[in-house]
Amino acid sequence: WAAVGTQNGTQFKGTFDGQGFTISGIYLPATSAYGTGLFGCIDSPTAAVKNLRFVNSYIETAYNHVGSIVGWTLNAKLQNVYSNATIYRSTGIRTGGLVGHFDNAAGNLTIESCWYDGSMRINSSSGEQAHGGLVGYARAGLTTIDTCLFTGKLDVTFTGSASTLNLYVGGLVGETWAGSLAIKNTIAGGNMDVTWTNSTGNHSLNRVGTISGNTYSSQTKIENTYDVMNARYKVVKKSDSWNVVTYPAGQDPTSGSVVN
């Protein structure tokens with residue numbers, strides 16, 4: 001299967017209405033494209049994917065910006081979409097269960113009545129990592145998540161020093177940079193297991209949270225949203241190791257302080 005729309009080519013700009021049907025058995029192999037998913041890249045204020053089930057499918061890639069439904073978007077709306085697709089990454093940055101990367105100061109990403117129940121397995125050793133149960137990375141613009149559910153598995157392993165890696169992992173959103181984030185009527189369930197092996201250096205800039213990993217937003221509003229997930233963040237240093245139970249606002253594994 002080749003993803004619909006590409007970041008550097010022709011983006012998908014229409015509306016895909018699955019009318020309640022199911023897409024099953026898709027395999028998306030590793031490519032060099034920035035933006036991998038059922039839709040590689042979506043960009044239009046009116047673009048939408050709705051009323052769709054995407055199941056029993058597998059995405060494998062070592063490149064950046066991966067989501068089971070949308071890899072990269074500048075404007076998009078997902079409505080009434082379910083996915084249990086498996087995502088495996090041997091390296092690369094920014095992964096979301098539904099959307100990998102949103103980037104548009106004047107754009108909107110809206111995810112409404114959607115559910116991710118699949119499995120994500122990510123390995124990496126460098127770069128700015130942002131991985132989330134629903135959205136990996138949202139930069140600028142407005143990101144809205146309403147009446148959604150994550151009950152899948154997010155399993156992330158990093159190897160290397162803090163000088164080569166920034167770590168942001170969230171049960172719903174990995175990282176939000178600038179712009180605005182609104183989450184309401186949503187549940188973060190499932191399992192999140194983050195392990196950093198052979199680590200050295202200062203980890204003070206790294207965040208793991210059961211709702212959002214890292215939020216640098218001008219406006220953030222979270223209401224009627226609950227964390228019921230089984231989460232673990234383990235840092236294995238060269239000299240010792242410790243486990244940290246994470247908190248919704250983000251956790252600094254070095255000091256144990258909650259970052260609001």
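Excluded from the calculations below are hydrogen atoms, water molecules and symmetry mates; all remaining heavy atoms, backbone and side chain alike, are included.
Within the 4.5 Å cutoff, side-chain heavy atoms of Ile26 are placed close to those of Phe54. Contact check for Leu109 versus Leu74: no side-chain heavy atoms found under the 4.5 Å cut-off. Val49 places a side-chain heavy atom less than 4.5 Å from the side chain of Ile69. You'll find the side chain of Thr144 stays beyond 4.5 Å of the side chain of Asn108, heavy atoms only. Side chains of Ile87 and Ser68 form a contact here, defined as non-hydrogen atoms less than 4.5 Å apart. Considering only heavy atoms from C-beta on, Asn51 stays 4.5 Å or farther from Gln19 through its side chain. You'll find the side chain of Ile23 reaches within 4.5 Å of the side chain of Leu38, heavy atoms only. In this structure the side chain of Leu98 reaches within 4.5 angstrom of the side chain of Leu78, judged on heavy atoms.
Interatomic distance, CG of Leu149 versus CH2 of Trp115, reported as 6.0 Å (0.5 Å rounding). Atom CD1 of residue Ile111 and atom CD1 of residue Ile183 lie 9.5 Å apart, to the nearest 0.5 angstrom. The CG atom of Asn185 sits 4.5 Å away from the CG atom of Asn224 when rounded to the nearest 0.5 Å. Atoms NZ and CG, from Lys153 and Asp117 in turn, are 13.0 Å apart once rounded to the nearest 0.5 Å. The line from CZ of Phe102 to OG1 of Thr110 is 8.5 Å long, rounded to the nearest 0.5 Å. Residue Ile222 holds its CD1 atom at 11.0 Å from CG of Asp227, rounded to the nearest 0.5 Å.
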Does the pair Thr95 and Leu154 meet the rule for a side chain to side chain contact (heavy atoms under 4.5 Å, CB included), with working shown?
-> CA-CA 10 Å; Thr95 312; Leu154 178 55; over 6 Å; no
Decide yes or no on side-chain hydrogen bond (donor to acceptor under 3.5 Å, both in side chains) for Thr157 and Arg121, but give the supporting numbers first.
-> CA-CA 8 Å; Thr157 300; Arg121 180 75 177 92; 3.3 Å; yes
Does the pair Thr210 and Val228 meet the rule for a side chain to side chain contact (heavy atoms under 4.5 Å, CB included), with working shown?
-> CA-CA 9 Å; Thr210 50; Val228 294; over 6 Å; no
Evaluate the criterion side chain to side chain contact (heavy atoms under 4.5 Å, CB included) for residue pair Arg94 and Trp72; output intermediate values, then yes/no.
-> CA-CA 10 Å; Arg94 298 169 185 165; Trp72 177 296; 6.0 Å; no
Phe16 and Phe39: CA distance, side-chain angles, deciding distance, ring pair (Phe, Tyr, Trp, His ring centres under 6.0 Å) verdict = CA-CA 10 Å; Phe16 183 90; Phe39 293 82; 5.7 Å; yes
For Asn191 and Asp193, run side chain to side chain contact (heavy atoms under 4.5 Å, CB included): C-alpha distance rounded to whole Å, both residues' side-chain angles, the deciding distance at 0.1 Å, then the answer.
-> CA-CA 7 Å; Asn191 296 277; Asp193 196 339; over 6 Å; no
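A single hydrophobic cluster is seen to contain both Trp1 and Val66, as judged by linkage of ILVMFWY side chains at heavy-atom distances under 4.5 Å, directly or through other members. Hydrophobic clustering (side-chain heavy atoms under 4.5 Å, transitive across Ile, Leu, Val, Met, Phe, Trp, Tyr) keeps Ile145 apart from Leu142. Cluster membership for Met120 and Met229, using ILVMFWY side-chain heavy atoms within less than 4.5 angstrom, is shared. By the criterion of side-chain heavy atoms lying less than 4.5 angstrom apart, applied directly or through intervening Ile, Leu, Val, Met, Phe, Trp or Tyr residues, Leu52 is grouped together with Val4 in one hydrophobic cluster.
Contact record, Ser57 with Ser24: OG-C, 4.0 Å, taken as the closest heavy-atom pair. Nearest approach of Asn75 to Gly107, heavy atoms of both residues: OD1-CA, 3.1 Å. Residues Gly40 and Ala3 approach most closely at N-CB, 3.5 Å, considering heavy atoms.
A side-chain donor-acceptor contact under 3.5 Å links Lys13 to the backbone of Asp43. Checked by atom type and distance alone, the side chain of Thr186 pairs as donor or acceptor with a backbone atom of Cys148 at under 3.5 Å. Using modelled atom types, one side-chain atom of Thr73 and one backbone atom of Ile42 make a donor-acceptor pair closer than 3.5 Å.
A donor-acceptor pair shorter than 3.5 Å cannot be found between the side chains of Tyr216 and Glu175. Looking only at atom types and distance, the side chain of Thr46 has a donor-acceptor partner in the side chain of Ser44 under 3.5 Å away.
Outside the 6.0 Å centre-distance limit, the rings of Tyr116 and Tyr82 are not counted as a close aromatic pair.
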